[in-house]
S.K.: 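Have a look at this one before I ask anything.
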Amino acid sequence: MIPALLLVGVGWQRRLPLPIPLFLLWPLVAVAVLVTAIVQLARRITRPAATTPLFPPVLEALFQLSGLRVDIRDREGTSVLVWLI
C-alpha cells in the first residue's frame, strides 16, 4: 500500500507531530512519471538494445515505504520524527 500520510515532528522536550497528506503530492509524482516515461521511450528509440524498465523502480519502492518510522534524537534532547502511514 502506498503511504497516505506523513507525520513530521520536531521538538526539544515534546514534539508536536505535523501531519502532511501525501495525496496532495500525487500531481507532482504524475508529472515525474510522465517525464520519465517520455525520456525512456526516447531512449528506446535511439538505442533499441537498452533494457530500461518503463515503470521507474523508484515508484515501485513507494509501495514498500508504508509504516517506515525514523526517530532521531541528539544529546541535547532535540528530536526529529518522520513517519509514513
Side-chain angles (χ1 to χ4, degrees):
M1 174 179 269
I2 296 175
L5 187 66
L6 173 70
L7 289 176
V8 177
V10 178
W12 286 268
Q13 298 299 326
R14 285 186 58 190
R15 26 172 205 236
L16 182 65
L18 174 70
I20 301 171
L22 290 178
F23 68 87
L24 296 175
L25 299 177
W26 283 111
L28 297 175
V29 171
V31 169
V33 168
L34 181 65
V35 168
T36 304
I38 290 171
V39 168
Q40 287 180 354
L41 235 56
R43 186 173 180 200
R44 285 186 184 190
I45 291 171
T46 58
R47 285 191 250 166
T51 58
T52 58
L54 193 56
F55 193 67
V58 173
L59 294 177
E60 291 176 8
L62 284 177
F63 289 94
Q64 304 298 323
L65 291 178
S66 184
L68 176 69
R69 182 179 176 143
V70 178
D71 192 2
I72 303 169
R73 298 173 192 221
D74 66 358
R75 293 181 187 169
E76 288 82 30
T78 305
S79 63
V80 177
L81 170 70
V82 177
W83 190 9
L84 291 165
I85 298 174

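Any value given below was found using the heavy atoms of this structure, including those in side chains, with hydrogens, waters and symmetry copies removed. Along the sequence shown, residues are numbered consecutively beginning with 1.
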S.K.: Just jot down the side chain to side chain contact (heavy atoms under 4.5 Å, CB included) partners of Ile85, sequence neighbours excluded, or say none.
M.R.: Leu5, Leu7, Trp83
S.K.: Which heavy atom of Pro19 sits nearest a heavy atom of Pro17, and at what distance?
M.R.: CD-O, 3.6 Å
S.K.: Starting from the C-alpha separation in whole Å, work towards a yes-or-no answer on side chain to side chain contact (heavy atoms under 4.5 Å, CB included) for Leu81 and Arg69.
M.R.: CA-CA 7 Å; Leu81 170 70; Arg69 182 179 176 143; 3.6 Å; yes
S.K.: Per the salt bridge (Lys or Arg N to Asp or Glu O under 4.0 Å) rule, what does the pair list look like for residues 73-82, sequence neighbours excluded?
M.R.: Asp71-Arg73
S.K.: Test question: given the 4.5 Å side-chain rule for I, L, V, M, F, W and Y, name all other residues clustered with Ile38, or answer none.
M.R.: Leu34
S.K.: Shortest non-hydrogen contact from Pro3 to Ser66?
M.R.: CG-N, 3.8 Å
S.K.: Passes side chain to side chain contact (heavy atoms under 4.5 Å, CB included), Leu84 versus Leu22? Steps please.
M.R.: CA-CA 9 Å; Leu84 291 165; Leu22 290 178; 3.7 Å; yes
S.K.: In Å and rounded to the nearest 0.5 Å, what is the CG to CG distance from Leu6 to Leu68?
M.R.: 9.5 Å
S.K.: With a cutoff of under 4.5 Å between side-chain heavy atoms, which Ile, Leu, Val, Met, Phe, Trp and Tyr residues group with Trp12?
M.R.: none
S.K.: Flag yes if Leu28 and Val35 sit in one hydrophobic cluster, no otherwise; membership is Ile, Leu, Val, Met, Phe, Trp, Tyr, and two members link when side-chain heavy atoms are under 4.5 Å apart.
M.R.: no
S.K.: Could you see if Ile20 belongs to whatever hydrophobic cluster contains Leu16? Use Ile, Leu, Val, Met, Phe, Trp, Tyr and a side-chain cutoff under 4.5 Å.
M.R.: no
